[in-house]
Amino acid sequence: MERENNSQVLEFLLRGFSSEPELQPVIFVIFLSMYLITFFGNLLIILAVISDPHLHTPMYFFLCNLSFVDICSTTTTLPRMLVNTQTQSKAITYESCMTQLYFFIVFVTLDIFLLTVMAYDRYVAICHPLHYTVIMNPQVCGLLVLGSWIPSNLISLLHSSLVLRLSFCTDLEIPSFFCELKQMVQLACSDTFVNNFFIYIGAVVLGGGSMTGILYSYSKIVSSIRGVSSTQGKYKAFSTCVSHISVVSLFYCTSIGVYLSSAAPQSSYSSAVASVMYTVVTPMLNPFIYSLRNKDIKRALETFFMMGTAKG
């Protein structure tokens, strides 16, 4: 499986979590359950928002997009991992690996952009409530989502193109359950300076810029909430942000954990577990976070199921 040039077909090996045959059925059931919960949980959020006219607002429009991206993100990685677990094979072709890498970067970058846009939406809603419908009109919301998709694809195209120019030697085992950018770059036997440069620049500009925007939005929100006289008004204003704050904290804490674990010299098992947290666990928990603390979503889900039962 040596690679002489970039035109030669090769296979990578996905190490996964365990090579013990008796553990494969357990791993398969666990991750299949997580995938189904993620898929149907986010799908229910989308269907509830679409079916309820009261939820046709910018906040829920962005939530629908976030749920769609979470479905796509997990679908990019988990089905392949489930097939490999069931067949007890670690192999993935070079073409499949590059395709998985491209779409995974797209959807993770989209997550970052959408979480930032959702913070801006909450900032406008709380700090400028009288102008909210004017500022966050349907055209602006559409442009914000489109403005998230375009750079996400360009960023992914850049990183994928840089990986395509790399040469790989005999060690082709990726210490993860999917084709992760940083892990693939570390496997290359050619010069990876440019790849690492853009990885770190992207992490600083994209991650740092997103966090700066989110923290700035919430600093303004906190200042605005402190100016509200009634306790009930403060609670109502803050309660609209709790779900988003929870999702942002979960996403960024697990993402940071991935990079810290991948930079550490210890075993790759901790890195794989950290990757599961932000690629699988976070998208799985998002529907619960938004539905359990949101009366509008609960009501929409109840109405949706009642309509389905009545039709049945």
Side-chain angles (χ1 to χ4, degrees), residues 34-35 37-49 55 57-74 107-127 136 144-145 148 206-226 228 231-260 273-301:
M34 295 173 75
Y35 176 66
I37 292 171
T38 303
F39 185 91
F40 288 107
N42 284 284
L43 183 61
L44 280 176
I45 294 290
I46 296 172
L47 293 176
V49 172
L55 299 185
T57 62
M59 181 174 73
Y60 294 109
F61 171 70
F62 296 132
L63 178 58
C64 270
N65 280 273
L66 182 67
S67 295
F68 173 74
V69 170
D70 284 342
I71 290 174
C72 294
S73 175
T74 51
F107 296 128
V108 169
T109 309
L110 267 169
D111 259 334
I112 296 173
F113 279 120
L114 287 174
L115 290 174
T116 309
V117 168
M118 292 172 79
Y120 173 71
D121 172 71
R122 292 298 83 208
Y123 158 73
V124 177
I126 294 174
C127 299
M136 300 301 293
L144 287 172
V145 172
S148 300
L206 185 60
S210 171
M211 279 301 299
T212 302
I214 292 172
L215 291 175
Y216 176 79
S217 297
Y218 278 106
S219 68
K220 292 294 184 180
I221 288 172
V222 171
S223 299
S224 181
I225 291 176
R226 289 177 63 185
V228 178
T231 305
Q232 185 179 1
K234 290 181 179 180
Y235 175 78
K236 184 178 180 181
F238 185 72
S239 62
T240 63
C241 304
V242 171
S243 298
H244 180 257
I245 294 173
S246 303
V247 171
V248 168
S249 302
L250 185 63
F251 179 82
Y252 277 99
C253 288
T254 53
S255 300
I256 292 171
V258 169
Y259 279 94
L260 290 178
V273 171
S275 297
V276 170
M277 291 301 296
Y278 90 101
T279 59
V280 183
V281 176
T282 300
M284 181 182 69
L285 293 180
N286 285 355
F288 295 100
I289 292 173
Y290 276 102
S291 60
L292 291 177
R293 297 192 59 90
N294 193 307
K295 294 180 180 179
D296 294 332
I297 291 289
K298 286 181 180 179
R299 187 187 67 248
L301 287 171

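One is the number of the first residue; the rest follow in order along the sequence.
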Practice prompt. Evaluate side-chain contact (heavy atoms from CB on, under 4.5 Å) for Ile71 paired with Ile46, printing each intermediate quantity in order.
Written response: CA-CA 11 Å; Ile71 290 174; Ile46 296 172; 4.2 Å; yes
Discussion item. Show, in sequence, the C-alpha distance, side-chain angles and deciding distance for Tyr218 and His244, and conclude whether the ring-ring contact (aromatic ring centres under 6.0 Å, His included) test is met.
Written reply: CA-CA 11 Å; Tyr218 278 106; His244 180 257; 5.8 Å; yes
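- Considering only heavy atoms from C-beta on, Ile214 stays 4.5 Å or farther from Tyr120 through its side chain.
- Using modelled atom types, one finds a donor on one side chain and an acceptor on the other under 3.5 Å when comparing Ser210 with Thr116.
- Taken to the nearest 0.5 Å, the CE atom of Met211 stands 10.5 Å off from the CG atom of Leu115.
- Inter-residue side-chain proximity for Phe61 and Val49 is flagged as unmet; no heavy-atom pair is nearer than 4.5 Å.
- Shown here for Arg122 and Cys241, the closest heavy-atom pair between the two residues is CB-SG, 4.2 Å.
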Discussion item. Let's go through Tyr35 and Met284 carefully: what are the C-alpha distance in whole Å and the side-chain angles of both, what is the deciding distance for side-chain contact (heavy atoms from CB on, under 4.5 Å) to 0.1 Å, and is it a yes or a no?
Written reply: CA-CA 8 Å; Tyr35 176 66; Met284 181 182 69; over 6 Å; no
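- The minimum heavy-atom distance linking Ser217 with Ala119 is given by the pair CB-O, 3.8 Å.
- A donor-acceptor pair is defined here as one N or O able to donate and one able to accept, closer than 3.5 Å; such a pair exists between the side chain of Thr38 and the backbone of Met34.
- Pairing each heavy atom of Val69 with each of Phe107, the nearest pair is CG1-O, 3.3 Å.
- Here the straight-line distance linking atom CD1 of Ile297 with atom CG of Leu44 works out to 10.5 Å at 0.5 Å rounding.
- The nearest pair of heavy atoms linking Leu250 to Thr282 is CG-OG1, 3.6 Å.
- Checking Leu114, Val117, Asp70, Leu110 one by one against Asn65, the side-chain contact (heavy atoms from CB on, under 4.5 Å) holds for a single residue, Leu114.
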Worksheet item: Taking it one step at a time, do Met118 and Met59 satisfy side-chain contact (heavy atoms from CB on, under 4.5 Å)?
Response: CA-CA 7 Å; Met118 292 172 79; Met59 181 174 73; 5.7 Å; no
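- How far OH of Tyr60 is from OG of Ser67: 12.0 Å, rounded to the nearest 0.5 Å.
- Across Leu206 and Phe113, no two heavy atoms sit closer than the pair CD1-CZ, 3.6 Å.
- Here Asp111 contributes atom CG and Ser148 contributes atom OG; the two are 10.5 Å apart, rounded to the nearest 0.5 Å.
- The shortest side-chain heavy-atom distance between Ser246 and Val242 falls under the 4.5 Å cut-off.
- With rounding to the nearest 0.5 Å, the separation of CZ in Phe40 from CD1 in Ile45 is 14.5 Å.
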Item to complete: Starting from the C-alpha separation in whole Å, work towards a yes-or-no answer on side-chain contact (heavy atoms from CB on, under 4.5 Å) for Phe68 and Asn42.
Response: CA-CA 7 Å; Phe68 173 74; Asn42 284 284; over 6 Å; no
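- In this structure, Thr57 OG1 and Asp121 CG are separated by 7.5 Å, a value rounded to the nearest 0.5 Å.
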